[in-house]
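Atoms within each ligand, like the ligands themselves, are counted from 1 in listed order. Hydrogens, waters and symmetry mates play no part in the numbers below; they use all other heavy atoms, side chains included.
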Amino acid sequence: MKPTVFIDRTVPSEVEAKIAEYCDVDKWEGTNRIPRELLLAKLANADGLLTAGSRVDAELLTHAPQLKAVSTISVGYNHFDIDAMKQRGIIGTHTPHVLNNTVADLAFALILGTARRVAELDRYVKEGKWISGAGNKWFGQDVHHAKLGIIGMGRIGEAVARRARFGFEMEVSYYNRSRKPEAESLLGVRYLELNELLRESDFVVMLAPLTPETAKLIGREQFRLMKPSSIFINISRGQTVDEEALIEALQSGTITAAGLDVYEIEPIPADHPFLSMDNVLTLPHIGSATKATRFDMAMLAAQNLVNALTGQTPAHIVPELQ
Ligand code: DGY
């Protein structure tokens, strides 16, 4: 008998077809996220779940007595309750590597967008305010040759550093749990303790994955160390930053601007202060969202799931479950 898989978000037909070669497939076809109750009900007979962000915790596992594997179409897997999954012996996989360059490109969209005030100026032009030359009120900051500090030097961090060093001739520092001697010599980046990186950098890019150690890693105290001219970019997870402290830092001029792809609550509530702040550039968590990369991620996630359910070791089991 074929294993049964539930797909809880829309995926390309090729991805579904790949899973259907080996498994019986049921899927959610709505455009919004599947309601939790329905997801739990759908898992009653599932051996595998293909998801992208649904919380996989003790509650979900209780409703899924047959579940053997969960494959997420994302590199981040902070929605996995590792202890609960370990206890049940669930195989959990993710999609590293294929998105590195795409997310690094988006980091630069946010760096350039905030530094050169792209969204604000777009509004200025479209609102018919460009009557004579844009005055110095609209001048931005240079990205080239500026100091970039990367928090979290994984594969995406290295891709950001490569663009910064060789594209924009920036001076790049990084802070990471462990030193990366190879990256230091290949990319010409230097390691700094977090406080020093915050003090020195013109742009701080948060890339550390969300873990108990990185939750609210950047708060009031850390923003106070940054230069008043500095710009903060977050493309990791919203919970790595104390949002209230960030709002305060932006409103008081402790830092100049922020470029954000991620938030404590997603989708961001309509009355969130960020949405009425001109010095915040907001994106809807689209770091890896190009057509090609999202296709590759979904295909990789499908392959991981099929392998897990057909007795082969998937290539991308999350480190804590290996
Ligand atoms: C990931 O893969 O974790 C990204 O945040 C999705 O855009």
Glu37, CD atom: more than 12 neighbouring heavy atoms under 6.0 Å
no
List the protein residues in contact with ligand 1, where contact means a heavy-atom separation under 4.0 angstrom.
Ser74, Val75, Gly76, Leu99, Arg237, His285, Ser288, Arg294, Met297
Any luck finding a side-chain donor-acceptor pair between Arg9 and Thr51 under 3.5 Å?
no
Listed by chain and number, what are the side-chain hydrogen bond (donor to acceptor under 3.5 Å, both in side chains) partners of Lys227, not counting sequence neighbours?
Asp202
For Asp81, what residues pass the side-chain hydrogen bond (donor to acceptor under 3.5 Å, both in side chains) criterion, not counting sequence neighbours?
none
Applying ring pair (Phe, Tyr, Trp, His ring centres under 6.0 Å), name anything that partners His285, two or more places apart in sequence or on another chain.
none
Checking side-chain hydrogen bond (donor to acceptor under 3.5 Å, both in side chains) against Tyr174, which of Glu184, Arg190, Glu158, Lys180 comes through?
Glu184
